[in-house]
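Scroll down for the structure; my scribbles are underneath it.
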Amino acid sequence: MIQRPRGTRDILPPDTRLWNRVEAVAREVFSAWGAEEIRTPVFEHTELFVRSVGETTDIVHKEMYTFLDRKERSLTLRPEGTAGVARAWIENRMQDRSLPLRLYYIGPMFRYERMQRGRYRQFAQIGLEIIGAETPLADAELLAALHEFLVRLGFDDVEIHLNNLGDPDDRQRYQEAIRQVMEVHRAELCGDCQRRLDENPLRLLDCKVPRCQELSAGAPAMDAVASPASREHVAGVEALLARLGVPYRRNPRLVRGLDYYLRTAFEVVSPKLGAGTALGGGGRYDRLIADLGGPAVPGVGFAIGEDRLIDVLPEAFRLETLARPRLYLVPLGDAAQAWALELARDWVRGGVPVELEVTGRSARAAFKRADRDHFPVVVIVGDDELAQGTVTVKRLADGSQTRLTPDRVPGWWLEHVR
RNA sequence: GUGGGCGUAGCUCAGUUGGCAGAGCACCGGACUGUGGCUCCGGCGGUCGGGGGUUCAAAUCCCCUCGCCCACCCCA
C-alpha cells in the first residue's frame, strides 16, 4: 500500500473543523487589526532563503527541501513565510502603496527534519507582518494582535518571551564577547557547545545542559552590549505591552533560528509543549527587504505553528468546535424517501443542518447510530407521517417525541437545539 | 544527522521451549417486521509492516528493509 511521505500527515474530520475555525479566528482578528491576506508561492528560488534566512542557520544548512526543476533551476519549498512576503513586497512594488502595510498569511511550510511530536516536514504557519514602520508601537501592536488571537482561542497559559537582539553591528561584537568569555571554559562545555563556540556563539545561551548554563550565566547579556538605540526600542515595546496588560517575560537567553531578526525578538511558549518547543515566534527585520534588493523598509512579524497550536488548543474551544449538532432525518420505507429528500433540502435552506439517512437502514439501526453519533434529534418519516402530512420528531436526550408539520421544524430546531 | 523503543483484525492487545493466528472493543445483522443506551446470539474482518534466510514446520530464530514513537540537534 502507498503510504503518505514521512513527516506529512492527513488531517481528517472532525479535526478539519478545528483547523477551519482556528483559521477563521485568525482572519477575523488580523483583519480587524487592519491586515490583509497575502498568498505567495509554496516554492521559491533557493537563493531567496539562503540570503534571507541565513547561510549558517540550520534551516538553510540541512532542513531545506531543495530540488532542480526541468530547466535545472534550483527551487526550494518554503521553510518559513517572511522571506516570500518580503520578496513579493519588493517584486510587486508594494512600497508604492501607503505604508505601513499589514499582511497575514496562512499556509504550509516545509522543513526536512526527523519528525516527532509537534514537528513535521510539512506544517502550517499563520503569520502576520507589519511592513513599513520601525516604531516600538508597531512591535507592540503586532504582539497585541497575536495576544488577541490567542485569547480568542481561549488560551490563558501561554507566555511571550521577549529579548533584544541588538542591531546588526552589535551582533558581531556580542558574538566576540561571548567567545572571549567562554573560550576559557571550552574544555568544560558539552560537545555541541564547543562546536557552537566556533560556529554560532549565540546558541551557547540556548543550551539545556546544566553545566553549560552555569558557565554561560557569566556571559554578558545581549542587552548589555546592544546599541543604546536598540535598548531604547525594546524598552519602548515593553512599556507598551505593560500598559496593555499583555503578559510577557524578558528572556535574555532567547535566540532565534533565523538570521534576519534584530532588536525585538520573541517566542510564544506553552507549558503544554515542553521546553524548547515554541508555539511561534517572530521579531523585527529592518534590513531584510533592503538585503533582498528592495528599498530600505523596516518590518516586524511573527509566525505561529498551526499544528502545534491545535495540539494544545484549550479544551473549551475544542469541545465547542467539535460539537456540531445536526438533525438526523430517517425515511422508513420506499414511499417516504423522495419526501425525505425534499424535506432535507427545505430544512437546510431554513438553516438547519441535516443528515439524511440514505442507506435504508431500519428504524432500530438508525436509532443505534443516532445514539452513537450523538445526534440530538431524530426525525422519522414513514408511511404514517406521509399519510398525515406530519413528521415524528424525537429528542434523544430525554426520549420525548412529538408530531410536527414540516414547515415548523426549522423553528422548533432553533428553539430546542440551538 | 545521532541514540533508544515499537510494528499481530478498524482500535487496544494476548500468542508458552518454533507446532491449526486469538480475545475484548468497534462494525453489520437478528432476538425486538417503525424507536437508541442494557442483555444475549450470529456475522464481517488478517500479505502477523515488507523481503530474504534457517527449519519437516516461523507471528516466534537470523539478516536486510519500510514505517511509527521518544530523546538529542534544531525549530513552527
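Within every chain, numbering begins at 1; the chains are lettered A, B, ... in the order of the sequence lines, protein sequences first and strands thereafter.
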Just checking, A:Arg39 and A:Tyr105: is the charged tip under 6.0 Å from the six-membered ring centre and within 45° of the axis?
no

When rounded to whole Å, the CG to P distance for the pair A:Leu279 and B:A76 reads 11 Å

Between the base of B:A76 and the side chain of A:Glu63, is there a donor and acceptor pair under 3.5 angstrom?
no

For A:Arg372, the side-chain contact (heavy atoms from CB on, under 4.5 Å) test, sequence neighbours excluded, returns none

Please identify each residue that fulfils salt bridge (charged side-chain N to carboxylate O under 4.0 Å, His left out) with A:Asp311, with sequence neighbours left out.
A:Arg117

Just to verify, what does A:Arg17 make a salt bridge (charged side-chain N to carboxylate O under 4.0 Å, His left out) with, not counting sequence neighbours?
none

Residues that A:Pro325 engages under side-chain contact (heavy atoms from CB on, under 4.5 Å), provided they are two or more places apart:
A:Pro376, A:Trp413, A:Val417, A:Arg418

What nitrogen or oxygen pairs link the protein and nucleotides 66-70 of chain B at under 3.5 Å?
| residue | atom | partner | partner atom | Å |
| --- | --- | --- | --- | --- |
| B:C68 | OP2 | A:Arg6 | NE | 3.1 |
| B:C70 | OP2 | A:Arg117 | N | 3.0 |

Please measure how far the P atom in B:G22 lies from the corresponding atom in B:G46, and state the result in whole Å.
13 Å

Please measure how far the P atom in B:G3 lies from the corresponding atom in B:C64, and state the result in whole Å.
14 Å

Partners of A:Phe110 by side-chain contact (heavy atoms from CB on, under 4.5 Å), sequence neighbours excluded?
A:Val42, A:Tyr65, A:Leu77, A:Pro108, A:Gln122

Would you please name every residue forming a side-chain contact (heavy atoms from CB on, under 4.5 Å) with A:Thr66, sequence neighbours left out?
A:Thr46, A:Met64, A:Ser74, A:Thr76

Look at the side chain of A:Arg119 against the base of B:A76 and say whether a donor-acceptor pair falls under 3.5 Å; ignore hydrogens and angles.
no

Rounded to whole Å, CZ of A:Arg361 lies from C1' of B:C27 at a distance of 10 Å

Using the 3.5 Å cut-off, write out each protein N or O paired with an N or O of nucleotides 31-38 of chain B and the distance between them.
| residue | atom | partner | partner atom | Å |
| --- | --- | --- | --- | --- |
| B:A31 | N6 | A:Arg364 | NH2 | 2.8 |
| B:C32 | O2 | A:Arg364 | NH1 | 3.2 |
| B:G34 | O6 | A:Asp383 | N | 3.0 |
| B:G34 | O6 | A:Asp384 | N | 2.7 |
| B:G34 | O6 | A:Glu385 | OE1 | 3.2 |
| B:G34 | N1 | A:Glu385 | OE1 | 2.8 |
| B:G34 | N1 | A:Glu385 | OE2 | 3.2 |
| B:G34 | N2 | A:Glu385 | OE2 | 2.8 |
| B:U35 | O2 | A:Lys394 | NZ | 3.0 |
| B:U35 | O2 | A:Gln401 | OE1 | 3.4 |
| B:U35 | N3 | A:Gln401 | OE1 | 3.2 |
| B:U35 | N3 | A:Gln401 | NE2 | 3.4 |
| B:U35 | O4 | A:Gln401 | NE2 | 3.2 |
| B:G36 | OP1 | A:Arg364 | NH1 | 3.3 |
| B:G36 | O6 | A:Leu396 | O | 3.3 |
| B:G36 | N1 | A:Leu396 | O | 2.3 |
| B:G36 | N2 | A:Asp371 | OD1 | 3.0 |
| B:G36 | N2 | A:Leu396 | O | 3.1 |
| B:G36 | N3 | A:Asp371 | OD1 | 3.3 |
| B:G37 | O4' | A:Asp371 | OD2 | 2.9 |

Please tabulate, for side-chain N and O atoms in residues 135-154 of chain A, each donor-acceptor pair with protein atoms closer than 3.5 Å (sequence neighbours left out).
| residue | atom | partner | partner atom | Å |
| --- | --- | --- | --- | --- |
| A:Thr135 | OG1 | A:Ala138 | N | 3.2 |
| A:Asp139 | OD1 | A:Arg284 | NE | 3.0 |
| A:Asp139 | OD1 | A:Arg284 | NH2 | 2.5 |
| A:Asp139 | OD2 | A:His233 | NE2 | 2.9 |
| A:Asp139 | OD2 | A:Thr264 | OG1 | 2.6 |
| A:Asp139 | OD2 | A:Arg284 | NE | 3.2 |
| A:Glu141 | OE1 | A:Arg102 | NH2 | 3.0 |
| A:Glu141 | OE2 | A:Arg102 | NE | 2.8 |
| A:Arg152 | NH1 | A:Glu28 | OE2 | 3.4 |
| A:Arg152 | NH2 | A:Glu28 | OE2 | 2.7 |

According to the salt bridge (charged side-chain N to carboxylate O under 4.0 Å, His left out) rule, which pairs have a member within residues 337-348 of chain A, sequence neighbours left out?
none

Touch class at under 4.0 angstrom, heavy-atom based, for A:Glu80 against every strand present
nothing

Please, what dot-bracket string fits RNA chain B when only Watson-Crick and G-U pairs with both distances under 3.5 Å count, crossing ones use [ ] and pairs to another strand use |?
(((((((..((((.....[..)))).(((((.......))))).....(((((..]....))))))))))))....

Got a sec, which residues hit salt bridge (charged side-chain N to carboxylate O under 4.0 Å, His left out) with A:Arg364, two or more places apart in sequence or on another chain?
none

